[in-house]
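Below is one structure, written out as structure tokens; comments come after it.
Only a predicted model underlies this, so the values are computations on that prediction, with no experimental measurement involved. All values below were derived from every heavy atom in this structure, side-chain atoms included, with hydrogens, water molecules and symmetry-related copies excluded. Counting begins at 1 with the first residue of the sequence.
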Amino acid sequence: MSDKRDPQLAPTGLGRRSFINTAALVGLTAGVAACTEKTAPAAAPAAPAPAAPASAHAAGGVNPHLKPGELDTYYGLWSGGHTGDMRVLGLPSGREITRIPCFVPDALVGWGITNESKAVMGTKPDGHLEYTVADTHHTHASYKDGNYDGRYAWINDKINSRVARIRLDYFVCDKITKLPNVQGFHGIFPDKADPVDPAINYTTRVFCGGEFAIPLPNTGTEDFTKYRSMFSCVDAETMEVRWQVLIDGNCDLVATSYDGKLAATNQYNTEMGAKYEDMMSAERDACLFFNVARIEAAVKAGKFKTIGSSKVPVVDGTHEANKDPKTALTAYVSVPKNPHGVNASPDGKYFICAGKLSPTGTVIELAKVLDWFDGKLEKLDDAIVAEVELGLGPLHTAFDGRGNAYTTLFLDSQVVKWNVEAAIKFHAGDKTAKYVVDRLDVQYQPGHLNASQSETKAADGKILAVGCKFSKDRFLPAGPLHPENEQLIDISGEKMVLLADHPVRGEPHDFIIFKRDLVRPKQVYTLDEFPLAVKDPKESGVFRNGKKVTVKLTSQAPAFSLREFKLKKGDEVTLILTNLDKVEDLTHGFAIPNYNVNFIVNPLETKSVSFVADKPGVFWCYCTHFCHALHLEMRTRMIVEG
């Protein structure tokens with residue numbers, strides 16, 4: 001699965017190891033010069049690692065045990081769960097490469113401490129963060145021509161109904177949007193094309209499913225007949241909410257068609273109950289389809305309302321308002337009660353809903369749904385081309401690009417591999433069709449799963465990851481709270497083969513896996529990306545306007561441009577720091593004792609913090625990120641005069 005170091009990922013300048021060795025020999029002055037003025041030739045690619053022995057994997061397939069220096073074949077983007085971030089993994093090794101802070105403060109990078117990160121996260125009028133908790137569940141990335149294009153990824157915060165965007169050039173969160181009129185924002189999926197303009201063959205929208213029904217506007221009434229959920233469309237570039245759809249039922253996950261014409265969410269509680277027993281009374285719930293072009297035409301024609309203080313257009317997608325197929329904006333295909341998950345097959349033909357409380361998977365043909373919208377299909381449920389038994393507690397489905405689907409069975413603690421076309425034949429009456437191909441025990445109670453490139457046209461059927469909610473006896477005990485168990489499975493052959501267990505802090509959910517050559521990460525910033533950049537150490541200094549003080553600093557290993565700076569008690573301080581080092585992996589930190597300040601600046605990055613100098617004394621500001629043989633000496637004095 002893995003190969004030699006890719007030239008595109010090789011260092012493009014003086015490497016950190018070379019820099020540190022050189023600097024240790026020539027001392028402080030030469031060290032600074034080495035990292036800021038000299039550029040070494042590009043490093044040669046690492047030599048190819050020896051081929052893994054045939055015994056490395058019994059089936060001759062995937063080997064998760066990479067040799068030192070060997071790079072992974074795939075990236076994985078994982079939801080972080082209650083840590084409110086996104087995890088970046090390398091696969092097949094399962095090694096965690098980094099975490100991308102989004103919704104929750106992060107002490108390493110200073111997320112939620114720097115002014116730039118606060119502007120993304122959102123603050124109250126007093127400057128404090130609006131929220132400091134989150135619950136990330138689902139992450140997906142932008143598309144072009146039916147495959148990931150390496151521009152963006154998105155992730156949700158279920159608790160506070162926020163969606164964050166990740167720039168995949170720097171692997172950083174650059175925008176966060178709070179959805180109006182929504183609680184319990186759960187499923188998320190970008191579109192793959194425009195429903196009208198075939199030239200727009202890439203992501204321009206992100207669809208978001210609201211799970212909890214609330215009064216609209218939210219007046220606090222107990223009358224649950226007034227409660228409704230919302231399905232939202234967010235602009236992929238501006239991150240503004242384009243429109244919302246008022247619906248019956250609660251949204252779980254979201255899926256989109258490859259032609260851009262349809263989005264869908266699997267729904268439970270179509271009864272619109274407020275209590276547990278009321279949510280379980282119907283025999284079937286729904287997979288709710290949205291006709292994107294019709295919704296946008298209705299918005300353009302002014303056929304919408306707004307709710308409360310929100311200016312977002314809201315169209316009516318309820319059952320009652322969408323009975324006529326030729327004018328309907330939505331279509332409710334029935335599925336077994338309380339489904340859990342809807343996923344698009346890579347051939348573009350089907351959406352598959354897992355039954356959860358029903359042991360079945362429901363296969364819905366998208367062409368037939370479009371036929372219903374066009375008045376060519378009399379009964380909407382005739383779009384169901386298969387509803388077959390898979391096992392107990394089916395939740396989520398992935399694909400291998402060879403016609404097979406893989407569904408987690410929560411109660412059976414299994415993954416079942418089944419053939420979609422064989423299931424359709426079986427459903428049509430051919431009882432000789434053997435649609436179940438294989439079953440594999442996993443440990444234990446699996447929830448989300450995904451395969452390499454699964455929900456793209458380039459699904460390659462190499463590896464499958466599954467997130468198990470309980471680990472029980474799989475790892476060393478470390479107190480009452482157990483880790484969850486993320487397992488890696490080889491699906492390159494006819495039989496699934498369990499490769500590895502990975503403990504993970506709870507509670508992550510969904511993830512995607514894609515080939516590494518689909519992204520081109522930048523490892524050094526450019527100064528011009530930051531309006532506040534201090535481009536030369538000579539620009540450093542303390543600039544006073546009454547009590548408002550700006551401190552400008554640069555960092556060049558192993559020194560800050562100011563040896564000290566003086567403030568007066570009560571000053572309202574904004575400190576700006578630019579890392580002028582151009583060396584890949586040469587990051588600096590900046591901490592101020594007793595002032596709750598700690599953040600990092602990557603090569604050629606600028607960040608700022610604001611605080612009130614309310615404590616007189618001497619405070620040694622120091623570099624918190626190892627950068628140099630003289631790292632411990634890299635500091636400056638902040639002197640606050642009483």
Review point. Hey, is CD on Glu320 packed in by over 12 heavy atoms from elsewhere, all under 6.0 Å?
Key: no
Exercise for review: Decide if atom CG of Asp614 counts as having more than 12 heavy atoms of other residues, nucleotides or ligands within a radius under 6.0 Å.
Suggested key: yes
Practice item. Start with the C-alpha distance between Ser608 and Glu116, add both sets of side-chain angles, then the distance that settles side chain to side chain donor-acceptor pair (under 3.5 Å), and finish with yes or no. Key: CA-CA 7 Å; Ser608 65; Glu116 292 76 15; 2.8 Å; yes
Check your understanding: Name the one of Asp149, Asp259, Asp145 that satisfies side chain to side chain donor-acceptor pair (under 3.5 Å) with Asn201?
Key -> Asp145
Revision key, fill the gap. From the list Val415, Thr407, Asn343, Val442, side-chain contact (heavy atoms from CB on, under 4.5 Å) partner of Leu449 resolves to Val415
Review point. Does Glu296 pair with Arg205 as a salt bridge, N-O distance under 4.0 Å?
Key: yes
Practice item. Decide yes or no on side chain to side chain contact (heavy atoms under 4.5 Å, CB included) for Phe207 and His140, but give the supporting numbers first. Key: CA-CA 11 Å; Phe207 298 110; His140 291 283; over 6 Å; no
Point to revise | Approximate separation, where rounding is to 0.5 Å, of Cys173 SG and Ile155 CD1 | key: 9.5 Å
Exercise for review: Would you please indicate yes or no on a ring centroid separation below 6.0 angstrom for Tyr170 and Tyr525?
Suggested key: yes
Review point. Where is the tightest heavy-atom contact between Val133 and Asp157, given as atom of each residue plus distance?
Key: O-OD2, 4.2 Å
Point to revise | Distance in Å, Leu329 CG paired with Phe290 CZ, rounded so as to fall on 0.5 Å steps | key: 10.0 Å
**Study point:** Check: His448 ring centroid to His137 ring centroid under 6.0 Å
**Key:** no
Review point. Does atom CZ of Arg505 have more than 12 heavy-atom neighbours from other groups under 6.0 Å away?
Key: no
Review point. Would you say the ring centroid of Phe171 lies under 6.0 angstrom from that of Tyr75?
Key: yes
Exercise for review: Output yes when Glu486 and Arg87 qualify as a salt bridge under the 4.0 Å nitrogen-oxygen rule, no when they do not.
Suggested key: yes
Point to revise | Short N-O contact, Asp169 and Arg167, less than 4.0 angstrom | key: yes
**Study point:** Between CG on residue Asn598 and OG1 on residue Thr624, distance to nearest 0.5 Å
**Key:** 4.0 Å
Review point. Looking at OG of Ser117 and CD1 of Ile176, how far apart are the two atoms once the value is rounded to the nearest 0.5 Å?
Key: 9.5 Å
Check your understanding: Does a donor on one side chain and an acceptor on the other come within less than 3.5 Å for Ser229 and Asn250?
Key -> yes
Review point. Has Lys178 got more than 12 heavy atoms of other residues, nucleotides or ligands less than 6.0 Å from its NZ?
Key: yes
Point to revise | Inter-residue atom distance Thr203.OG1 - Asp235.CG, 0.5 Å rounding | key: 11.5 Å
Point to revise | Pair Thr574, Thr550: side-chain N/O donor-acceptor within cut-off below 3.5 Å | key: no
Check your understanding: Which value, rounded to the nearest 0.5 Å, describes the distance between Glu237 atom CD and Arg165 atom CZ?
Key -> 6.0 Å
**Study point:** Audit row: Lys192, Thr256, side chain to side chain donor-acceptor pair (under 3.5 Å) steps and yes/no
**Key:** CA-CA 7 Å; Lys192 304 181 182 81; Thr256 60; 2.9 Å; yes
Exercise for review: Verify the neighbour count for atom NZ of Lys261: are there more than 12 heavy atoms of other residues, nucleotides or ligands below 6.0 Å?
Suggested key: no
Check your understanding: Less than 6.0 Å separating the ring centroids of Tyr148 and Tyr143?
Key -> yes
Point to revise | Residues Arg99, Asp106: salt bridge by 4.0 Å N-O rule | key: no
